[in-house]
Amino acid sequence: MLKLAALVGPTAVGKTELAIKLAQKIGGEIISCDSMQVYRGMDIGTAKASPAQRDLVPHHLIDIAEPDLNFTVADYQRLAQQAIFKLNGSGRIPMLVGGTGLYYQAVVDNYDFFPMESLQTIRAQWEQICSDKGIEYLFKQLLAIDPAYAAKVGGNDKKRIIRALEVYDLTGRPFSSLQNQNKDTYRLCAIGLYMDRTELYARIEQRVDAMIKEGLVEEVARLREKGYDLSMNSMQALGYKQVYNYLEGLLTYAAMVYEIKKETRNFAKRQYTWFNRDKRIHWFNLTEFSNSEIILEKICDLMEGQLIRV
RNA sequence: GGAGGGAUACCCAAGAGGCUAAAGGGGGCAGACUGUAAAUCUGUUAGCGACGCUUUCGAAGGUUCGAAUCCUUCUCCCUCCA
């Protein structure tokens, strides 16, 4: 069985740093599990590992797409699986490190993604119908073809409703019947990092200030000059979206900073919610450890027990 | 000094005698999540031993079967004329 380590947790807990030390100790390589670090030119706002850090331990799935490409979970899963396979072959421990819950789950539980690409034309069609007849109409359509999924998503989640309708158009099958997963594909050792809420929120605010000091505004301005805009998934990233609006004159500087901090806090909460659901994750409260060496030891022991001495 | 306007829950803001523990928005908190996921959506938000009870609409009195809504006084804020 393929081995897989994972290190997850909310933004700004300190995953990157700890992951590097851990990788060095257990002979691992890092597979970034982050939906925004895949994009080139988005460095400061996504808090990518620095070039120096990447020299210490190989990092995979960072800087693999241009920001105008709409990278998807399925793309991510495929590439991550390739990396996991390769690393297992060479005796290295693949370490999934990041905070994108869906990407993590899609890999770890090996979601089935049927081979059909989503078609921009179909989505555009449904979008059009939605603006003509209203979302209630779309919801009725969904209710007719996939009542179970309709009940689950409710009548307001336009993105999910359209996706489900699109999948039906593509496959002729209800979306809910296609959502299979394959747990136990890997010998998994998952670690979750967390911190008392107030401490994490304070770190988030400090980090946002630091990003701005390091040139986040300039980074976004560069992307904007290249023609990347808010219609692209990449530019929906936290920080980028708000700075973009600031550059457009839609937000004041103060409002921009406030919004980035607030939405990052909200995001961290959503990450907690997501990862809390996965009962395989072993959680470590960083607030309780004044010495990061101790926690590193503990995590190391756990990983060695579950992945190496087996 | 004179003339008006206003004080509503964490914040902004509706309400103008019973249907109001009080619309809506923001924020907070909780949850969901299978090809946009740093996206998107949902629930909840006075207190409590909670299908009931207690305390809320600047403060204190009063009118009324019944008040955030009407009257009186007081406190604070704003605008305008001096």
Side-chain angles (χ1 to χ4, degrees), chain A residues 10-12 32-39 42 44-48 65 67-79 98-120 122-124 126-127 135 139 146 149-167 170-171 173-183 197-198 201 204 207-208 211 216 220 230-244 255 258-278:
Chain A
T11 186
S32 163
C33 184
D34 188 299
S35 65
M36 293 301 165
Q37 292 189 357
V38 298
Y39 296 113
M42 295 174 56
I44 298 170
T46 62
K48 280 176 196 165
D68 58 351
L69 181 95
N70 287 335
F71 194 81
T72 73
V73 215
D75 297 328
Y76 178 80
Q77 187 202 43
R78 193 183 67 250
L79 295 171
T100 301
L102 178 64
Y103 284 16
Y104 161 82
Q105 220 70 43
V107 171
V108 158
D109 288 335
N110 195 192
Y111 281 6
D112 281 342
F113 288 121
F114 44 94
M116 243 146 319
E117 288 290 327
S118 88
L119 285 179
Q120 223 34 256
I122 295 181
R123 278 193 192 178
W126 283 113
E127 282 286 352
I135 191 158
F139 189 63
D146 191 349
Y149 193 67
K152 195 170 157 189
V153 297
N156 293 318
D157 200 336
K158 190 168 114 186
K159 286 190 180 184
R160 289 198 171 84
I161 293 172
I162 290 186
R163 162 103 267 250
L165 292 169
E166 176 200 13
V167 167
L170 248 25
T171 66
R173 295 184 55 191
F175 192 34
S176 56
S177 75
L178 296 165
Q179 299 184 350
N180 297 115
Q181 43 186 262
N182 309 283
K183 289 187 190 261
R197 201 66 75 81
T198 48
Y201 285 2
I204 285 173
R207 187 155 87 161
V208 170
M211 283 174 174
L216 178 61
V220 179
L230 293 181
S231 71
M232 296 160 191
N233 296 161
S234 60
M235 296 306 279
Q236 288 300 311
L238 278 170
Y240 293 83
K241 186 175 27 183
Q242 293 83 358
V243 172
Y244 193 96
Y258 174 84
E259 287 291 316
I260 295 174
K261 288 178 179 175
K262 186 198 78 191
E263 289 186 29
T264 305
R265 287 193 304 265
N266 294 162
F267 172 54
K269 166 56 180 64
R270 272 179 273 132
Q271 290 177 300
Y272 273 137
T273 301
W274 184 292
F275 291 117
N276 268 149
R277 192 171 48 168
D278 189 331

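These figures come from a predicted structure and were not determined experimentally. Chain letters run A, B, ... following the sequence lines, proteins first and then strands; every chain starts at 1.
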The side chain of A/Ala237 is closest to which nucleotide in this list: B/U34, B/A38, B/G31? B/A38
Out of B/A38, B/U34, B/C29, minimum distance to the side chain of A/Thr100 belongs to B/A38
Looking at every strand, decide which applies to A/Gly45 at a 4.0 Å heavy-atom threshold: base, sugar-phosphate, or nothing. base
What integer distance in Å separates A/Leu230:CG from B/A38:C1'? 14 Å
In whole Å, what is the span from the CG atom of A/Asp34 to the P atom of B/A38? 7 Å
Nearest-Å distance, CD (A/Gln271) to C1' (B/G31)? 16 Å
Under 4.0 Å: is that the gap between some side-chain N or O of A/Arg270 and OP1 or OP2 of B/C29? no
From the candidates B/G27, B/U34, B/A38, the one with an atom nearest any side-chain atom of A/Thr46 is B/A38
Heavy atoms under 4.0 Å, any strand shown: does A/Phe175 hit a base, just sugar-phosphate, or nothing? sugar-phosphate
Indicate, with a heavy-atom threshold strictly under 4.0 Å, whether A/Lys158 touches base, sugar-phosphate, or nothing. nothing
Identify the nucleotide, in any strand shown, that forms a Watson-Crick or G-U wobble pair with B/U79, with both distances under 3.5 Å; if there is none, say none. B/A3
Regarding the side chain of A/Phe267, the nearest nucleotide among B/A38, B/A32, B/U36 is B/A38
Select one nucleotide: of B/G28, B/U34, B/U40, the one nearest the side-chain heavy atoms of A/Arg265. B/G28
Please confirm whether the backbone N or O of A/Arg173 pairs with a side-chain atom of A/Ser177, one donor and one acceptor, at under 3.5 Å? no
How is A/Tyr201 classified with respect to the nucleic acid when contacts are heavy atoms under 4.0 Å: base, sugar-phosphate, or nothing? sugar-phosphate
What is the distance from OH of A/Tyr272 to C1' of B/A38, rounded to the nearest Å? 16 Å
Is there a donor-acceptor pair under 3.5 Å between the side chain of A/Asp34 and the backbone N or O of A/Met36? yes
Separation of atom CD in A/Glu166 from atom C1' in B/U34, rounded to whole Å: 13 Å
Between B/A30 and B/C74 - C1' atom distance, rounded Å: 44 Å
All heavy atoms of A/Phe139 vs all of A/Ile161, minimum pair found to be CD1-CD1, 3.8 Å
For B/U36 and A/Arg123 - does any side-chain N or O of the residue sit under 4.0 Å from the phosphate oxygens OP1/OP2? yes
Go through the side-chain N and O atoms of A/Thr273 and A/Asn276 and say whether any donor and acceptor fall under 3.5 Å apart. no
Taking OH from A/Tyr104 and C1' from B/U34, how many angstroms apart are they, rounded to a whole number? 15 Å
Rounded to whole Å, CD1 of A/Ile122 lies from P of B/U36 at a distance of 13 Å
Separation of A/Ile44 atom CD1 from B/A38 atom C1', in whole Å? 17 Å
Does B/A50 have a Watson-Crick or wobble mate here (both distances under 3.5 Å), and if so which one? none
Go nucleotide by nucleotide along RNA chain B from the 5' end; which of A/Lys269 and A/Glu263 gets its closest nucleotide reached first? A/Lys269
Mind checking who B/C57 pairs with, Watson-Crick or G-U wobble, both distances under 3.5 Å? none
Please evaluate the base of B/A32 for a donor-acceptor partner in the side chain of A/Asp157 within a cut-off of under 3.5 Å? no
A/Arg270, A/Lys269, A/Lys241 screened by salt bridge (charged side-chain N to carboxylate O under 4.0 Å, His left out) with A/Glu263, the one that passes: A/Lys241
Watson-Crick or G-U counterpart of B/G18, or none if no pair lies under 3.5 Å: B/C65
Please pick, from B/A32, B/C29, B/G27, the nucleotide with the shortest atom-to-atom distance to any side-chain atom of A/Tyr258. B/G27
Could you tell me whether A/Asn156 contacts a base, only the sugar-phosphate backbone, or nothing, with contacts defined as non-hydrogen atoms closer than 4.0 Å? sugar-phosphate
Aromatic plane relationship, A/Phe175 with A/Tyr149 - under 30° parallel, 30 to 60° tilted, over 60° perpendicular: perpendicular
Give A/Gln179 one of three labels, base, sugar-phosphate or nothing, depending on what nucleic acid heavy atoms sit under 4.0 Å from its own. base
Over all strands shown, is A/Asn266 touching base, sugar-phosphate only, or nothing at heavy-atom distances under 4.0 angstrom? sugar-phosphate
For B/C51, measure the glycosidic angle (O4'-C1'-N9-C4 for a purine, O4'-C1'-N1-C2 for a pyrimidine) and name it syn if it falls within 90° of 0, otherwise anti. syn
Report yes or no: does A/Asp75 contribute a side-chain atom to a donor-acceptor pair with the main-chain N or O of A/Thr72 at less than 3.5 Å? yes
Just N and O in the side chain of A/Tyr103: are any of them under 4.0 Å from OP1 or OP2 of B/A37? yes
Paired with B/A9 by Watson-Crick or G-U wobble geometry, both distances under 3.5 Å: which nucleotide is it? none
Would you kindly check whether a donor in the side chain of A/Gln105 faces an acceptor in the base of B/U34, or vice versa, at under 3.5 angstrom? no
Assign A/Phe71 to base, sugar-phosphate, or nothing according to its heavy-atom contacts below 4.0 angstrom with the strands shown. sugar-phosphate
A/Ser35 vs A/Lys262, nearer the 5' end of RNA chain B by closest nucleotide: A/Lys262
Closest to side chain of A/Arg197, choosing from B/C29, B/A38, B/U40: B/C29
Provide the distance between the two P atoms, one in B/U8 and one in B/A60, to the nearest whole Å. 16 Å
Looking at B/U44, which nucleotide sits across from it as a Watson-Crick or G-U wobble partner, both distances under 3.5 angstrom, or is there none? B/G28
Which nucleotide, B/G28, B/U34, B/C41, lies nearest any side-chain atom of A/Tyr149? B/U34
Is any side-chain N of the basic residue among A/Glu127 and A/Lys158 closer than 4.0 Å to the acidic one's carboxylate O? yes
